[in-house]
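The residues of the chain are indexed from 1 along the displayed sequence.
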Amino acid sequence: MVKIILNSFLFWGGWIIIPFIMEIVPALGSVILLIRRNLRHKIHKKELTVYPEITLIIPVYNSADTLYGCIKSINDSTYPNERIRIFLVNNKGKDNSFDIFAQCQQEFPDLLMQWMNSEQGKSRALNLALYNSEGKYIINLDSDGMLEKNALANMITRFETDTSINCMTGSILTVPEQIKKYKAGPSRLLRELEFMEYAQAFLAGRSYASELNSVYTLSGAFSAFRKSAVLKSWMYNTDTICEDTHITFQMRYLQNERVEVCEDALFFVDPIENVNKLYTQRQRWQRGSLEVSKMFMDKTFKVKNLFTNISVKTLLYDHTFAFPRLIWYLALICLIVAGYSGKTVLISTAIIFGLYTLIGYLYFITVAYFLRINKDIRKYYISHWWCILFLPFFNFAVFFIRMAGIINSIETDSSWKTMNLTEECKAFADVIRHDFSKPVNAIRKVRETLNYEDISGADDKKAGEHRKEA
């Protein structure tokens, strides 16, 4: 009887209670904080009467297909063009991006734009523009995205309302119109799930982290700084592929700045092209996170700081605890082997899935509330309520991609160019083929040797028989 109770306690404790305490309960609390956060910002929000001068920095690398849309979104924004200065920093691009820039100069004469060439990588390109920037605020934009028309005004309003904020990230979403171009099926589903993931990650996940001052990284696609604060930093680091995470760590640990998220400053990027792109993208993010954590590894990075230091918490939870989490995922087979009935395992897994789905829909309601700033996007988001049912599986797949990123970062150097899923599967198959070729060749040689001896023995026997007959 004691054994049965102990086994039940271990099973339900490890399989249900632990994830419930670690993930479900905090998620329930986060919904309350998110609602409170939104109401507070709504009450204290001030309308801009004077628009400060701002500088937009746009790194350009073979961006001919997207640059026009990016610049047009700036021109069409509600922020006055005469208060905007734009630096387009070309980083070894080989296409006709400059021609697009020249076209935009003619079509949008009110925008003050300047083209700069940099031959030393993205980080140095950003630093070059920073040194030449003017205005009160510096905003970084990716050239492959577009601003929502009120994004700049909303972000600067947040800065002007709270003068204690010196760095902020916008909210990144994928473009619904681009998703609709794909035929119904797996390809569109992948991009719809990505859209829902981004929406919940920024408008729920990072907003909650912002409320606790625990935002891990400023999004490189759309982030902003008070110029007086960012020029005190070491600028963008050239030794990592995640320069946005590095400057976030600088702000938090070297300058004790609060890192915020501006939920009503939306920036739209194209949906992921395919599974291979998703694979390399998430691995690159994972690798960069580990690189930056190593750079800032000092006395504050200790297990005892798990609950007080967001970077320690993230590093342990997302990386160190990734391996036991992996084992936890793969324990289904082990549970059945250990004697648990298939029915019990299925019921427990269904409970976990149900809890994650419940949290997904609570976040869904919160995000829909935040998206009132744009009716079209909100309508698209609400119409995809059914995607919440598939998000746990999408997140499950992304987890294994991140695991691959952790493993690959152990033996390879930092690089933007990493193997995609197809290439890695082929490389894995080649390794397996090579490793198995050795024992296979050894067995083949043994067989050939034995066959040779058999043949030699048979030939000797036949020769003896011929001599007897003679």
Kindly say whether the aromatic ring centers of [X] and [Y] come within a distance under 6.0 Å.
X: Y279; Y: F400; answer: no
X: F225; Y: Y137; answer: no
X: W385; Y: F364; answer: no
X: Y363; Y: Y208; answer: no
X: F195; Y: Y198; answer: no

Report the distance from atom [atom1] of [X] to atom [atom2] of [Y], rounding to the nearest 0.5 Å.
X: I247; Y: D244; atom1: CD1; atom2: CG; result: 9.0 Å
X: T280; Y: N274; atom1: OG1; atom2: CG; result: 8.0 Å
X: L218; Y: T248; atom1: CG; atom2: OG1; result: 3.5 Å
X: E263; Y: T366; atom1: CD; atom2: OG1; result: 11.0 Å
X: R85; Y: N132; atom1: CZ; atom2: CG; result: 7.5 Å
X: S223; Y: F267; atom1: OG; atom2: CZ; result: 10.0 Å

Between [Y] and [X], is there a side-chain donor-acceptor contact under 3.5 Å, judged purely by atom types and distance?
X: T174; Y: E194; result: no
X: S63; Y: S143; result: yes
X: N75; Y: N81; result: yes
X: R191; Y: Q178; result: no

Taking every non-hydrogen atom, the tightest pair across D264 and I373: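 So the two residues come closest at CA-CD1, 3.4 Å.
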Under 4.0 Å between a side-chain nitrogen and a carboxylate oxygen: does that hold for [X] and [Y]?
X: E192; Y: K180; result: no
X: R258; Y: E260; result: yes
X: K72; Y: D76; result: yes

Derivation and outcome, side-chain contact (heavy atoms from CB on, under 4.5 Å), residues I84 and L112: CA-CA 7 Å; I84 300 174; L112 179 59; over 6 Å; no
Mutual orientation of the aromatic rings belonging to Y380 and H384 [parallel < 30°, tilted 30-60°, perpendicular > 60°]: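 If you compare the ring of Y380 with that of H384, the planes turn out tilted.
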Parallel, tilted or perpendicular, as decided by the 30° and 60° cut-offs, for the rings of F101 and F98: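 Judged by the thresholds at 30° and 60°, the geometry between F98 and F101 is tilted.
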Worked verdict on F393 versus F396 for ring-ring contact (aromatic ring centres under 6.0 Å, His included): CA-CA 5 Å; F393 301 104; F396 180 78; 7.9 Å; no
Side-chain donor/acceptor of R206 to backbone N/O of T217, under 3.5 Å: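 Yes; at least one donor-acceptor contact below 3.5 Å.
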Working for salt bridge (Lys or Arg N to Asp or Glu O under 4.0 Å), residues K136 and E160: CA-CA 11 Å; K136 189 175 181 180; E160 293 288 287; 3.0 Å; yes
Verdict with supporting geometry, Y68 and E107, side-chain hydrogen bond (donor to acceptor under 3.5 Å, both in side chains): CA-CA 10 Å; Y68 179 85; E107 292 192 25; 2.6 Å; yes
